[in-house]
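Report on one structure; see the data block that follows.
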Amino acid sequence: MKKVLITGAAGFIGSHLCDRFISEGYHVIGMDNLITGNIKNIEHLFPLKHFEYYHHDVSKFVHVSGELDYILHFASPASPIDYLKMPIQTLKVGSLGTHNLLGLAKLKNARILIASTSEVYGDPLVHPQHEEYWGNVNPIGPRGVYDEAKRFQEAIAMAYHTYHGLETRIVRIFNTYGPRMRVEDGRVLPAFFSQAIKGEGLTVFGEGQQTRSFCYVDDLVEGIFRLLLSDYHLPVNIGNPSEITIMQFAHEIMDLVGNPSAHIIYNPLPVDDPKQRRPDITRAKEILGWEPKVSREAGLLRTYEYFKTVVAPNI
Ligand code: UDP
């Protein structure tokens with residue numbers, strides 16, 4: 001039986017990865033320090049013989065006994081308000097944490113996949129973003145702590161690959177959504193769903209003309225699974241190329257929820273908010289035979305079912 005270590009296991013994407021690897025017959029070690037993760041996301045796995053949970057901060061030395069085949073490094077604060085609140089932890093988990101996990105991978109002769117991000121492209125001047133684009137990042141802006149940690153993470157993964165011959169995989173994840181997103185994480189989808197359900201104002205930042213492209217979590221997990229098992233070590237974008245403005249997105253969510261009290265309100269645009277974002281997924285198609293399957297309509301419906309269980313309407 002293959003053994004996989006997943007860091008950030010109690011987070012949104014990490015917990016879906018745990019489910020997938022369990023269902024594929026792997027022994028899964030989930031690691032988290034719960035600063036943004038939620039143990040409820042993986043509670044259903046605790047009774048299973050082939051799931052173990054380690055409560056640990058991967059920015060500190062990581063020890064796992066026995067053999068290890070794969071490591072997936074998904075631990076990090078991942079929403080703009082989280083990394084504003086925890087800038088140092090964000091930098092540490094992407095840099096020191098990645099270094100520790102690369103060391104562990106080398107020791108165990110394990111293959112390691114690191115979670116990078118479309119944020120490495122910053123506020124992109126090339127559209128859509130393909131993997132050859134080097135990006136437009138402000139290193140000292142509020143998002144710099146996340147963006148630069150992830151860029152460092154890619155650099156050190158490549159260095160371990162080139163210098164030590166380590167098997168590394170780099171996924172650049174674009175905006176992803178689905179059940180288990182944290183209601184209060186400040187990201188656009190949890191914010192809009194919770195405001196629409198409660199019948200409050202949906203907080204559109206700026207004029208809402210900035211664009212994003214939203215990928216349903218099951219599609220993302222499929223792409224990550226294929227990339228891990230591939231023999232490709234350069235970065236691969238995984239995301240859904242269907243692009244919309246944030247204003248359109250607000251209307252789609254209001255229409256789906258159908259609460260007549262919900263309405264749009266305007267808040268200032270955050271500093272360095274990227275104006276547009278859409279993945280070029282040519283590489284993922286060619287190398288992994290992957291493309292997203294879940295339409296936004298279907299994905300939002302499944303996500304709404306989840307948010308109904310965690311957010312109550314105002315009465
Ligand atoms: N956004 C918004 N209202 C919110 C939260 C976010 O209009 O309550 C906007 C934000 O300015 C950005 C987009 O939605 O342009 C996506 O933001 P998110 O924080 O989800 O992730 P990002 O893609 O910026 O990392």
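As the structure lists them, so they are numbered: ligands from 1, and atoms in each ligand from 1.
Heavy-atom proximity to atom 23 (O) of ligand 1, evaluated over Met181, Glu119, Arg212, Gln209, is greatest for Arg212. Nearest residue to atom 7 (O) of ligand 1 from Phe205, Tyr266, Tyr177, Tyr83 is Phe205 (criterion: closest heavy atom).
Between Val188 and ligand 1, at least one N/O pair is under 3.5 Å apart. Between Leu189 and ligand 1, no pair of N/O atoms sits closer than 3.5 Å.
The distance from ligand 1 to the heavy atoms of Gly186 drops below 4.0 Å at these ligand atoms: 5 (C). Listed by number with element, the atoms of ligand 1 under 4.0 Å from a non-hydrogen atom of Arg143 are 22 (P), 24 (O), 25 (O). Of all atoms in ligand 1, numbered sequentially from 1 with element shown, those under 4.0 Å from a heavy atom of Arg277 are 22 (P), 23 (O), 25 (O). The distance from ligand 1 to the heavy atoms of Val204 drops below 4.0 Å at these ligand atoms: 7 (O). Heavy-atom proximity to Pro80, at under 4.0 Å, picks out these atoms of ligand 1: 19 (O), 25 (O).
Contacts of Asn175 with ligand 1, taken as heavy-atom pairs under 4.0 Å, involve the side chain alone. Residue Arg187 touches ligand 1 through backbone and side chain together, judged by heavy-atom distances below 4.0 Å.
For the pair Arg20 and Phe225, the cation-pi test (distance below 6.0 Å, angle within 45°) is passed.
At least one donor-acceptor pair under 3.5 Å links the side chain of Asn100 to the backbone N or O of Val58.
Under the side-chain hydrogen bond (donor to acceptor under 3.5 Å, both in side chains) rule, Ser116 has a single partner from Lys150, Arg172, Glu154, Arg151, which is Glu154. Partner of Asp82 under the salt bridge (charged side-chain N to carboxylate O under 4.0 Å, His left out) criterion, out of Arg182, Arg143, Arg187: Arg182 alone.
For atom 3 (N) of ligand 1, the nearest protein heavy atom (residue, atom name, distance) is Thr203 O, 2.5 Å. Atom 10 (C) of ligand 1 has as its closest protein heavy atom Asp273 OD2, 3.3 Å.
At most 12 heavy atoms of other shown residues, nucleotides or ligands fall within 6.0 angstrom of atom CD in Glu67.
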